[in-house]
Amino acid sequence: MTLAIHNSLSRRKDPFEPLVKGKVGLYVCGPTVYDFIHVGNARTFSVFDLVVRWLRATGFEVTYVRNITDVDDKIMERARERGIDIDELTETTTANFRADCARLGLLAPDVEPRATRYIGPMLDLIAHLESKGLAYRGANGDVFFAVRDFPGYGKLSRRNLDDLRAGERVAVDAAKRDPLDFVLWKAAKPGEVSWPSAFGAGRPGWHIECSAMAGRELGETIDLHGGGWDLQFPHHENEIAQSEGASGKPFVRCWMHAAFLNMGDEKMSKSLGNFFTARDILDRLDPVQGGEQLRFFLLRGHYRSEVAFTREHLDEAGATLRGFYTALREVPPAAIAIDWAEPHAARFRAAMEDDFDMPVALAGLHELRAEVNRTRSPLLAGLLKALGGTIGFLQADPEAFLKGGISAGMAGGDQPDVEALVAERTAAKKAKDFARADAIRRELDAAGVVLEDKPGGLTEWRKK
RNA sequence: GGCGGGGUGGCAGAGUGGUUAUGCAGCGGCCUGCAAAGCCGUGUACAGCGGUUCGAUUCCGCUCCCUGCCUCCA
């Protein structure tokens, strides 16, 4: 069984073989830290979290690099609006981003390079490109990449230079030789942050940072590079041009692009203004279940298919997760190592290795869940938990998960004393006072608590 | 205008040239004091029109519709 990944370069599922056997370098384009991330961003980061977890679960040693873009026009603009300096803005935004990721249950990357710490490598790269005739200085002091002098330009996004309508929507910079040339280094204007350089004081263009950081952290040729679909052009195309233009070697062996999260049937995006921040959503969900619920919602479809963001779908994801946890609560899972030859495990793995086919993998997990309920086998329950664990799910304590925010005392002061009412109801039941017992059930139900009577007079409860 | 993705049962969502995806919801049953949970059973769904084929949701062509990138964007 070998992993096949859809490679945007070939547009096929290619067998995945890292450059060095057993070791994978993965670079993911991270956020530009001027504001909270939205749920669409969360989806992309969740997708690559899934990739990293799966690779590790199947024995790869992964170096996961996800950058922080902390210099950019929007950052400068936002800092100016707020009257704070850029560092203050990027520091707090980065901290917020990390906190949101933690709530979602995302693994931290092994390396989280910040663009401003890699100005040196960027300048080296630009100088190298200039020496090879691929970069030139414009009349305005900016340094540009000469797109037509790089033969492979357009190979990732399948664009023909002559078909691109540069300037149709945005004025073309007169300093460029070709309208499609892009900035490597922007000459500083008065009052802007800048770094001294051989090209004059300035700051990096957007694309150069990823080439520099990926090259510095993972080498000239990297195994996997990911991001959202919208990054394919121009960002990733330009990264290829810069990196391959300089090194003469293939930059990325396999490109992965995650599909969008939509609002209605439109892409969720900051420029359209139709977005929710990940934090807004997490704040509205149960404090115990919310992170896993949102991540499950974001990942239950295939990563190359768009998903529509609605409250109903989010609720459904929560219900599904509760179903899994219910099985694990009823049948305490044995702590086991996964035997990949076991039929459920083999099916799950085959699905995951087929370009991370989560819907099929989850279908197998559902069947396993039903079997756990039927057989009450701790070994199968253990397998369910272990398989879920390979992709970062089902690792919470089932009892705590099912009780949700109510058990953690986070639901507010007007919550009824569940344990006391349950005890009272147990007594009422014993006395055959079913009217009282049912009244308590109704009262708790209204408070969002569902009671489940078990054999032997025990009563479990969970959040509705 | 160029390049791209997609239209599957009430909803979500895989997949396949001819056999059950799966989940949620619904319906029936078992269990239960009543419930809940669980289990069992239950759905001739593949945008339309042609073509290829013994047979197409699955391949080919056309049409219609939705949508992405081409500017910052996960």
Side-chain angles (χ1 to χ4, degrees), chain A residues 8 11 28-32 34 37-48 72-74 77 154 157-172 180 182 206 226-235 237 257-262 264-272 275 297 300-302 304-308 310 312-313 315-317 319-320 322-324 326-327 329-331 351 354 357-367 369-376 402 429 432-435 437-438 441-442 445 449-455 459-462 464:
Chain A
S8 301
R11 303 215 175 165
V28 174
C29 290
T32 299
Y34 67 99
I37 59 161
H38 63 58
V39 236
N41 303 319
R43 151 113 138 151
T44 296
F45 299 134
S46 297
V47 164
F48 291 103
D72 150 271
D73 287 355
K74 284 193 292 280
E77 192 182 316
S157 53
R158 310 273 161 117
R159 274 155 222 263
N160 179 322
L161 280 171
D162 299 315
D163 291 338
L164 288 165
R165 297 178 152 199
E168 177 157 304
R169 292 161 67 192
V170 154
V172 171
L180 291 164
F182 57 91
W206 174 36
W229 263 106
D230 47 357
L231 257 32
Q232 191 177 94
F233 187 90
H235 184 55
E237 199 69 71
H257 290 99
F260 295 130
L261 182 73
N262 294 329
D265 42 29
E266 241 182 359
K267 169 189 176 183
M268 177 183 289
S269 90
K270 288 189 177 169
S271 30
L272 291 172
F275 66 90
F297 160 72
R300 64 186 184 148
H302 189 97
R304 283 188 290 114
S305 297
E306 296 177 359
V307 321
T310 67
E312 292 70 43
H313 297 165
D315 290 344
E316 195 183 309
T320 301
R322 285 192 290 276
F324 282 122
T326 300
R329 183 189 61 181
E330 297 307 305
V331 186
D354 181 17
D357 194 340
M358 276 290 276
V360 172
L362 289 174
L365 249 33
H366 277 115
E367 280 161 11
R369 173 184 55 82
E371 202 168 325
V372 167
N373 285 325
R374 258 193 315 267
T375 63
R376 307 191 65 84
L402 291 168
K429 275 192 357 171
K432 303 273 185 214
D433 181 0
F434 294 121
D438 290 349
R441 181 197 291 291
R442 281 193 299 275
D445 182 76
V449 174
V450 178
L451 299 181
E452 301 179 7
D453 290 340
K454 300 290 169 184
T459 298
E460 295 259 30
W461 63 270
R462 63 183 168 83
K464 203 185 337 187

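Chain A is the first sequence line, chain B the second, and so forth, proteins listed ahead of strands; every chain is numbered from 1.
Distance check on atom P: B/rG5 versus B/rG10 gives 28 Å, rounded to whole Å. If you take atom C1' in B/rA45 and the same atom in B/rU20, they sit 14 Å apart, rounded to whole Å. Only the P atoms considered, B/rC49 is 12 Å distant from B/rU58, to the nearest whole Å. B/rC46 and B/rA37: their C1' atoms are spaced 34 Å apart (whole Å). Spacing between B/rG55 and B/rU19 at atom C1', rounded to whole Å, works out to 14 Å. The P atoms of B/rC60 and B/rG4 are separated by 15 Å, rounded to the nearest whole Å. Across B/rC62 and B/rG2, the matching P atoms stand 14 Å from one another, rounded to whole Å. Taking atom P on both nucleotides, B/rG43 is separated from B/rG23 by 14 Å, rounded to a whole Å.
Listed nucleotides: B/rA74, B/rA37, B/rC69. Nearest to the side chain of A/Leu261: B/rA74. The listed nucleotides are B/rG15, B/rG23, B/rA37; the one nearest the side chain of A/Thr320 is B/rG23. For A/Glu266, the listed nucleotide lying nearest its side chain is B/rG68; candidates were B/rA14, B/rC40, B/rG68. Among B/rC69, B/rA21, B/rA37, the nucleotide with an atom closest to any side-chain atom of A/Arg159 is B/rC69. Of the candidate nucleotides B/rG13, B/rC72, B/rA74, B/rA74 has the atom nearest to the side chain of A/Asn41.
In this structure a side-chain-to-backbone donor-acceptor pair under 3.5 Å is present from A/Arg376 to A/Glu330. With hydrogens and angles disregarded, a donor-acceptor distance shorter than 3.5 Å links the side chain of A/Glu237 to the backbone of A/Gly154.
Annotation: cation-pi geometry not satisfied between A/Lys267 and A/Phe275 (NZ/CZ under 6.0 angstrom from ring centroid, within 45° of ring axis). Judged by the 6.0 Å and 45° rule, A/Arg43 forms no cation-pi pair with A/Phe260.
Listed pair A/Ser305 / B/rA14 meets the phosphate criterion, a side-chain N or O lying under 4.0 Å from OP1 or OP2. The phosphate of B/rG38 has neither OP1 nor OP2 within less than 4.0 Å of any side-chain N or O from A/Asn373. For B/rC69, the OP1/OP2 oxygens have a side-chain nitrogen or oxygen of A/Lys267 closer than 4.0 Å. An OP1 or OP2 oxygen of B/rG6 is reached within less than 4.0 angstrom by no side-chain nitrogen or oxygen of A/Arg304.
Heavy-atom nearest nucleotides on RNA chain B were determined for A/Gly301 and for A/Arg441, and the one closer to the 5' end corresponds to A/Gly301. Mapped onto RNA chain B by nearest heavy atom, A/Arg11 and A/Phe233 fall at different nucleotides, with A/Arg11 at the one closer to the 5' end.
With rounding to whole Å, A/Arg369 atom CZ is found 8 Å from B/rG23 atom C1'. Between the CD atom of A/Glu460 and the P atom of B/rA35 there is a distance of 20 Å, given to the nearest Å. Look at CD on A/Gln232: it is 15 Å from P on B/rC3, rounded to the nearest Å. The NE2-P distance, from A/His366 to B/rG15, rounds to 17 Å in whole Å. One atom, CD of A/Glu306, and another, P of B/rG5, lie 12 Å apart when rounded to the nearest Å. To the nearest angstrom, P of B/rC72 lies 11 Å from CG of A/Asp72.
Atom CZ of A/Arg159 and atom CG of A/Leu180 lie 10.5 Å apart (nearest 0.5 Å).
Counting any heavy atom pair closer than 4.0 Å across all strands shown, A/Pro234 reaches sugar-phosphate atoms only and no base atom. Counting non-hydrogen atoms under 4.0 angstrom, A/His38 reaches a base of the nucleic acid. If you check every strand for non-hydrogen atoms under 4.0 Å, A/Met358 touches nothing. Contact annotation for A/Leu451: base contact, defined as any heavy-atom pair under 4.0 Å involving a base atom. The residue A/Lys454 sits apart from the nucleic acid: no heavy atom pair falls under 4.0 Å.
Between the side chain of A/Asp453 and the base of B/rC34, at least one donor-acceptor pair of N or O atoms lies under 3.5 Å. With hydrogens and angles ignored, no donor-acceptor pair under 3.5 angstrom links the side chain of A/Arg43 to the base of B/rA74. Side-chain N/O atoms of A/Asp230 and base N/O atoms of B/rG68 include no donor-acceptor pair closer than 3.5 Å. For B/rG23, the base has a donor-acceptor partner in the side chain of A/Glu316 [N/O atoms by modelled type, under 3.5 angstrom].
Pairing partner, B/rA47: B/rU63, with both Watson-Crick or wobble hydrogen-bond distances short of 3.5 Å.
For A/Asp72 and A/Thr32, the side-chain atoms include no donor-acceptor pair closer than 3.5 Å. Checked by atom type, the side-chain pair A/Gln232/A/Ser157 shows no donor-acceptor distance below 3.5 Å.
Both thresholds, 5.5 Å between centres and 30° between ring planes, are met by A/Phe434 relative to the base of B/rG33, so the two rings are stacked.
Remark: A/Lys454 NZ is packed, more than 12 non-hydrogen atoms of other residues, nucleotides or ligands lying under 6.0 Å away.
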